[in-house]
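Presented below is the structure to which this report refers.
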Amino acid sequence: MANAGELPRAEPEAVGMTKQGLNAVAAEMDRLVADGELVGMTAMIARRGQVVFEHATGTLDLETGAPMQMDSLIRIYSMTKPITSAAALMLLDDGKLDLDEPVTRFFPEWKGQTAYEGDEIVPVDPPVTAKHLLLHTSGLSYGYVGNTPVDKAYREAGLIDDWDYLVRDTDILVRKLADIPLLFQPGTRWHYSFSTDVLGQLVERVSGQPLDDFLDEHMFEPLGMKDVYFDVPAEVVHRFGTDHEFKDGNFVVQDNPREDPEFIGVTFLSGGGGLVMPTESYVRFCQMILNGGTLDGTRVLQPETVALMTTDQLPEGLWPNSGFGLGFAVVTQDGGSTPRGSYSWGGAAGTFFWIDPGHELVAVFMPQFIGMPNSIQEKLKGLVYASIP
């Protein structure tokens with residue numbers, strides 16, 4: 001019997017997995033820590049709506065030595081994007097947002113926007129829509145990767161430095177972006193960008209609520225997602241550890257909540273990368289998506305809306321490595337580490353998850369390792385599937 005806010009637990013064999021196989025996942029996580037390839041990690045796997053695996057290993061805080069635990073608070077960075085996308089689509093379900101309508105209805109400062117066509121700057125045609133933002137085809141860029149004239153303009157305008165946001169909030173971001181040309185005409189390319197931060201501001205303007213309040217009221221509380229924060233409160237900061245990079249043969253602290261409080265005193269509510277939460281809260285979000293928009297009898301999205309989120313919406317050839325739905329990368333070909341029809345995303349600190357509807361599977365892995373080698377993720381995925389006989 002699960003407690004409130006907890007998913008039900010089951011023995012692996014009850015849902016068609018093997019305890020031996022899942023023990024191998026835990027053993028590999030422990031080995032990664034013991035061999036100095038990770039500082040720490042939590043993970044949780046659910047199949048057919050029941051948790052069959054949860055494991056925490058290693059260190060939460062490199063400076064205090066506090067251990068990683070299942071209720072540790074984790075920086076999920078870009079795994080925030082599917083959550084913000086779902087928030088926008090709640091407004092679609094409520095009839096308050098039209099995905100194909102120009103966002104200038106809510107962003108009047110974007111009227112008269114321009115875009116690059118080759119080296120020429122021309123009027124935007126077609127105008128940016130919510131769907132472009134959801135698909136990362138808006139023509140926006142990020143500023144901290146690439147050196148295009150648009151990325152340079154973002155840095156010169158004081159929007160971003162490295163990957164730290166420099167403006168106070170997403171309202172100012174949207175206003176400043178109005179004066180900078182788009183990298184390309186909307187809908188013509190896939191390019192990772194500020195799109196989901198802008199989408200968070202769109203949620204605010206459509207709903208009339210700050211993004212954190214909207215998410216708390218319409219998603220986190222209804223779904224029992226506990227301890228989800230943009231701004232980590234003092235009373236739980238002891239559960240929030242250090243983030244790490246590997247430099248010159250050692251792990252070094254990249255973010256320390258005591259000295260570099262990136263997630264404390266927050267005013268920039270980053271729909272693209274700002275959330276912190278324990279692992280089970282993210283599993284609850286994923287399980288809601290896998291269930292077609294409902295969890296524990298509470299519906300937050302319509303099934304047809306979840307179907308849009310989780311199926312490829314890109315024109316053929318626009319992003320040849322994969323498909324992309326309204327918030328998730330979607331596997332469109334056989335032969336990869338996850339089956340066709342699976343959908344996923346990851347975060348800058350090495351966090352990753354995937355949802356596999358064919359196997360009724362949700363898996364969430366939560367390290368805090370900037371620049372984590374992809375081989376770690378691939379090995380763990382392989383072990384998860386090896387546990388399904």
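Throughout, numbering of the chain's residues begins at 1 and tracks the sequence.
- In this structure, Phe353 has its ring center at least 6.0 angstrom away from the ring center of Phe365.
- Between the side chains of Ser78 and Lys81, a donor-acceptor pair is found at a separation under 3.5 Å.
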Report the C-alpha distance between Val384 and Val25 in whole Å, list the side-chain angles of each, state the deciding distance to 0.1 Å, and finish with yes or no for side chain to side chain contact (heavy atoms under 4.5 Å, CB included).
CA-CA 7 Å; Val384 171; Val25 178; 4.2 Å; yes

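- Classified by interplanar angle (parallel below 30°, tilted 30° to 60°, perpendicular above 60°), the ring pair Phe246/Phe251 is perpendicular.
- At a threshold of 4.5 Å between side-chain heavy atoms, the hydrophobic network of Ile, Leu, Val, Met, Phe, Trp and Tyr places Met44 and Val52 in two separate groups.
- Between Arg284 and Leu7, the shortest heavy-atom distance links the atoms NH1-N, 3.5 Å.
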Could you walk me through whether Val331 and Tyr343 pass the side chain to side chain contact (heavy atoms under 4.5 Å, CB included) check?
CA-CA 6 Å; Val331 179; Tyr343 41 96; over 6 Å; no

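- The shortest distance between side-chain heavy atoms of Arg48 and Met17 does not fall below 4.5 Å.
- Side-chain N/O atoms of Asp125 and Gln185 include no donor and acceptor closer than 3.5 Å.
- The nearest pair of heavy atoms linking Met29 to Thr42 is CE-C, 4.0 Å.
- Checked by atom type, the side-chain pair Ser193/Ser141 shows no donor-acceptor distance below 3.5 Å.
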Could you check Asp151 against Arg155 for salt bridge (charged side-chain N to carboxylate O under 4.0 Å, His left out), going step by step and ending with a plain yes or no?
CA-CA 6 Å; Asp151 292 297; Arg155 296 193 290 270; 5.2 Å; no

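- Looking only at atom types and distance, the side chain of Gln209 has no donor-acceptor partner in the side chain of Glu204 under 3.5 Å away.
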Taking it one step at a time, do Ser270 and Asp197 satisfy side chain to side chain donor-acceptor pair (under 3.5 Å)?
CA-CA 5 Å; Ser270 172; Asp197 289 310; 2.7 Å; yes

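- Salt-bridge annotation for Arg9 and Glu280: present, with a side-chain N of the basic residue lying under 4.0 Å from a carboxylate O of the acidic one.
- Between Leu326 and Thr310 the shortest side-chain heavy-atom distance does not fall below 4.5 Å.
- Taking the ring centroids of Tyr142 and Tyr192, they lie under the 6.0 Å cut-off.
- Side-chain atoms of Ser375 and Gln377 form no donor-acceptor pair, as typed in the model, at a separation below 3.5 Å.
- The minimum heavy-atom distance between Leu290 and Glu360, with the atom names listed, is CD2-C, 3.8 Å.
- A side-chain donor-acceptor contact under 3.5 Å links Thr305 and Asp93.
- A salt bridge does not link Glu11 with Arg47: none of the charged nitrogens is closer than 4.0 Å to a carboxylate oxygen.
- Residues Leu199 and Val266 are members of one and the same hydrophobic cluster, defined by side-chain heavy-atom contacts under 4.5 angstrom among Ile, Leu, Val, Met, Phe, Trp and Tyr.
- Aromatic ring orientation, Phe324 versus Trp345: perpendicular (interplanar angle above 60°, classes split at 30° and 60°).
- The environment of CD in Glu378 is crowded: more than 12 heavy-atom neighbours from other residues, nucleotides or ligands sit within 6.0 Å.
- Tyr144 and Asp164 share no donor-acceptor pair across their side chains, judged by distance under 3.5 Å alone.
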If you apply the rule salt bridge (charged side-chain N to carboxylate O under 4.0 Å, His left out), what do you find for Lys176 with Glu156, and how did you get there?
CA-CA 11 Å; Lys176 284 181 172 276; Glu156 289 166 4; over 6 Å; no

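- For the residue pair Gln287/Asn291, the side-chain donor-acceptor check at 3.5 Å is satisfied.
- Tyr229 places none of its side-chain heavy atoms less than 4.5 Å from the side chain of Met277.
- Side chain to side chain, His238 and Asp61 fail the donor-acceptor criterion of an N or O pair below 3.5 Å.
- Note: Phe194 CZ to Leu133 CG = 13.0 Å, rounded to the nearest 0.5 Å.
- Side-chain contact of Thr129 with Asp100: a donor-acceptor pair under 3.5 Å is absent, judged by distance alone.
- Gln113 is not listed as a side-chain neighbour of Pro127, based on a closest heavy-atom distance of 4.5 Å or more.
- Ring geometry for Trp354 against Phe352 counts as parallel: the plane angle stays under 30°, on a 0 to 90° scale with 60° as the upper cut.
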Let's go through Lys226 and Glu221 carefully: what are the C-alpha distance in whole Å and the side-chain angles of both, what is the deciding distance for side chain to side chain contact (heavy atoms under 4.5 Å, CB included) to 0.1 Å, and is it a yes or a no?
CA-CA 8 Å; Lys226 296 178 180 177; Glu221 290 177 11; over 6 Å; no

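- Inspection of the His244 and Thr242 side chains reveals an N or O donor paired with an N or O acceptor under 3.5 Å.
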